[in-house]
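Whatever order the structure lists ligands and atoms in, that order sets their numbers, starting from 1.
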Amino acid sequence: MTDPLRLGIAGLGTVGTGVIKIVQRQANMLSARCSRPIEIAAVSARSRDKDRGISLSNYAWEDDPVKLATRDDIDLFVELMGGEDGPAKAATEAAIGAGKDVVTANKAMLAIHGQALAEAAEGAGRVLRFEAAVAGGIPVIKALTEGLAGNAIDRVMGVMNGTCNYILTRMENAGLTYDEAFAEADGLGYLEADPNLDVGGIDAAHKLTLLAAIAYGTRVDFGAIALEGIGAITIEDIRRAGDMGYKIKLLGVAQMTGRGLEQRMSPCLVPAASPLGQLEGGTNMVVIEGDSVGQVVLRGAGAGEGPTASAVMADVCDIARGLRVPTFGMPATALEAAPPASAASPARYYLRMELTDKPGALAKVATVLGEAGISIDRMRQYDHPGDNAPVLIVTHKTARPNLDDALARLPATGVLEGAPVALRIEDV
Ligand code: NAP
Ligand code: HSE
């Protein structure tokens, strides 16, 4: 048996304690699978006295994660504190500087600093891995970098924030309003400390941009994502979309087009019968389409102690076995700065609006759409007790600028009550 791989773990919260439990519980199995023992040498967190429900007595303690990262008795620094900058970034940089490999679950840090950190690690001959940062327990980084390495990727997309999917599912299945479903998710402890990271789509966008970098060999470009959260989705939209055979999901899509790299994180309609349409609750799903393999669907827990620690351990085991894959699947210096696509690829759109119920109202709407070059595929008007008629329109494929043109001109028709809702329909 060769030398053990000695870990220094900074962050003993949900994920950190989960990792320690696996190392303690599965020591023999890990040792056999990696052909060397996995040991924890030292740990760090803010509070030394907190009862974490696990024994830490065999491990050295450091108050300062930077000191932990540079200790002589660790080979691999495991960053599980979180945060875009601050101690997570300082300790990761220190670890690389001290010649350690790094495993992290920190999507926020990598979405902003991933390129620089990957270049630093690879320049120093170290590896920086992040399986747990995207879609929790789903081994999607491994799937893209290894299992699908022989494919040109056509599209990568998915539901990568369990909290949003939980909220949308509860609105649909229990008839809750957005605020009620949000409060329920909060009560269950699902929300990030800053809930806007979840419902604003930012957390999922962090994950999408990391997948895009691997899929297309491009530099991480979080700022180029067209981002929209789920805060404006109403129970009415969920019901109306259902009537038309769709579900509403916070969907991330990355796609290389002739106009550049398209990265979108926004509420979209997907066919109710599709795998994405059938995804319920806090579960995640990533769909990858490759030129040779076709469509691959990965589904599983996107968060939580066990699933996230499972993904951390996948990286730890790779490093223990001597597998040294570059952070984004190819050398960081070879990643290209792809031009962001200025407009989304053409799609069908769902439009919901309230019209004044008087002769010619619908015709005026149809005229504006026609003048903007938008063709109507389906249209439905619902029963209405009052003066306003709820109208649903599904368009044929149209470019987003055409839709924006129509949306800007619709108020001048004088037949609209309130602002129309426009959601992209993603063919999956
Ligand atoms: P958490 O439960 O809040 O734990 C964070 C840990 O970091 C705590 O132990 C905290 O110490 C420690 N910490 C914070 N600041 C520190 C500092 N300055 N010095 C030393 N220790 C410090 O977080 P988590 O849920 O485990 O998440 C950890 C990472 O995994 C984050 O990057 C997160 O985005 C990512 N992640 C989490 C999940 C999930 O399901 N939770 C899923 C995927 C990815 P104290 O305990 O003493 O306060
Ligand atoms: N807040 C995230 C989610 C946790 O709801 O999916 C995992 O990244």
Side-chain angles (χ1 to χ4, degrees), residues 8-21 42-54 56 61-69 77-92 94 102-113 130-138 140-141 158-169 182 185-186 188-208 210 229-230 250 252 265 279 281-286 300-312 315:
I9 301 177
L12 302 174
T14 304
V15 185
T17 53
V19 168
I20 291 176
K21 284 180 194 171
V43 296
S44 175
R46 273 179 302 218
S47 163
R48 188 168 187 169
D49 301 328
K50 198 186 271 186
D51 178 7
R52 301 175 192 276
I54 48 172
L56 301 173
W61 177 274
E62 292 282 3
D63 286 324
D64 180 358
V66 171
K67 279 199 180 146
L68 173 83
F77 176 61
V78 185
E79 187 286 302
L80 301 173
M81 295 177 286
E84 188 180 309
D85 292 292
K89 178 165 171 273
T92 298
V102 178
V103 169
T104 180
N106 192 334
K107 58 257 178 180
M109 176 177 76
L110 290 177
I112 307 301
H113 305 294
F130 63 94
E131 183 67 75
V134 181
I138 301 176
V140 62
I141 304 299
V159 168
M160 289 176 274
N161 184 277
T163 304
C164 288
N165 206 50
Y166 178 84
I167 290 173
L168 293 172
T169 305
F182 179 96
D186 195 15
L188 290 166
Y190 285 5
L191 290 162
E192 300 272 345
D194 172 5
N196 193 45
L197 289 176
D198 287 312
V199 296
I202 299 161
D203 168 80
H206 285 152
K207 298 165 183 168
L208 179 72
L210 297 174
I230 63 164
L250 177 66
M265 181 59 66
L279 187 73
T283 312
N284 282 196
M285 181 175 284
V286 182
E305 179 187 302
T308 314
S310 160
V312 171
D315 285 336

So is [X] close enough to ligand 1, meaning a heavy atom under 4.0 angstrom away?
X    : value
G304 : yes
A132 : yes
G136 : no
R52  : yes

Could you tell me, atom by atom, which parts of ligand 1 come under 4.0 Å of a heavy atom of [X]?
X    : result
L80  : 5 (C), 6 (C), 7 (O), 28 (C)
M81  : 5 (C), 7 (O), 13 (N), 16 (C), 17 (C), 19 (N), 20 (C), 21 (N), 22 (C)
A303 : 40 (O)

Sub-3.5 Å donor-acceptor pair from the side chain of [X] to the main-chain atoms of [Y], do we have one?
X    : Y    : answer
N165 : G282 : no
T308 : E305 : no
N106 : G83  : yes
D315 : E131 : yes
T92  : A88  : yes
K207 : M160 : yes

For a side chain to side chain contact (heavy atoms under 4.5 Å, CB included) check, start with the C-alpha distance between L110 and H206, then their side-chain angles and the critical distance, and finish with the verdict. CA-CA 8 Å; L110 290 177; H206 285 152; over 6 Å; no
Between [X] and [Y], what is the shortest heavy-atom contact and its length?
X    : Y    : result
D203 : E192 : OD1-OE2, 3.8 Å
L12  : L56  : CD1-CD1, 3.9 Å
V286 : A135 : CG2-CB, 4.1 Å
G300 : T283 : O-CG2, 3.2 Å
A132 : A311 : CA-CB, 3.5 Å
W61  : S44  : CH2-C, 4.3 Å

Just going by heavy-atom distances, which of T17, V312, T308 is nearest to atom 42 (C) of ligand 1? T308
Give the atoms of ligand 2, by number and element, whose distance to some non-hydrogen atom of [X] is under 4.0 Å.
X    : value
D203 : 2 (C), 8 (O)
A303 : 4 (C), 7 (C)
E192 : 1 (N), 2 (C), 4 (C)
K107 : 7 (C), 8 (O)
N161 : 1 (N), 2 (C), 3 (C), 5 (O), 6 (O)

Suppose we measure from [atom] to each protein heavy atom; which comes out shortest, and what is that distance?
atom                    : answer
atom 9 (O) of ligand 1  : L12 N, 2.8 Å
atom 27 (O) of ligand 1 : V15 CG2, 3.9 Å
atom 12 (C) of ligand 1 : G11 CA, 3.9 Å
atom 6 (O) of ligand 2  : G162 N, 2.8 Å
atom 20 (C) of ligand 1 : A45 C, 3.5 Å
atom 16 (C) of ligand 1 : R46 CG, 3.6 Å
atom 31 (C) of ligand 1 : G82 CA, 3.6 Å
atom 34 (O) of ligand 1 : K107 NZ, 3.2 Å
atom 5 (O) of ligand 2  : T163 OG1, 2.5 Å
atom 30 (O) of ligand 1 : A105 CB, 3.4 Å

Would you verify that at least one protein heavy atom lies under 4.0 Å from atom 3 (O) of ligand 1, or report that none does? no
Under-4.0 Å protein heavy-atom contact, atom 23 (O) of ligand 1: no
With a 4.0 Å cut-off, would you call R48 and D63 a salt bridge? no
Looking only at N/O atoms, are [X] and ligand 1 under 3.5 Å apart anywhere?
X   : result
G13 : yes
G16 : no
S47 : yes
K50 : yes

Does I167 reach the side chain of Y190, with side-chain heavy atoms less than 4.5 Å apart? no
If I take atom [atom1] from residue [X] and atom [atom2] from residue [Y], how far apart are they, to the nearest 0.5 angstrom?
X    : Y    : atom1 : atom2 : answer
M81  : T104 : CE    : OG1   : 8.5 Å
L250 : N161 : CG    : CG    : 6.5 Å
T169 : L279 : OG1   : CG    : 7.0 Å

Considering both backbone and side-chain atoms of G302, is one of its nitrogen or oxygen atoms within less than 3.5 Å of a nitrogen or oxygen in ligand 2? no
Looking only at heavy atoms, is any part of L197 under 4.0 Å from ligand 2, and if so is it the side chain, the backbone, or both, or is it neither? neither
Proximity to ligand 2 by part of D198, non-hydrogen separation under 4.0 Å: side chain
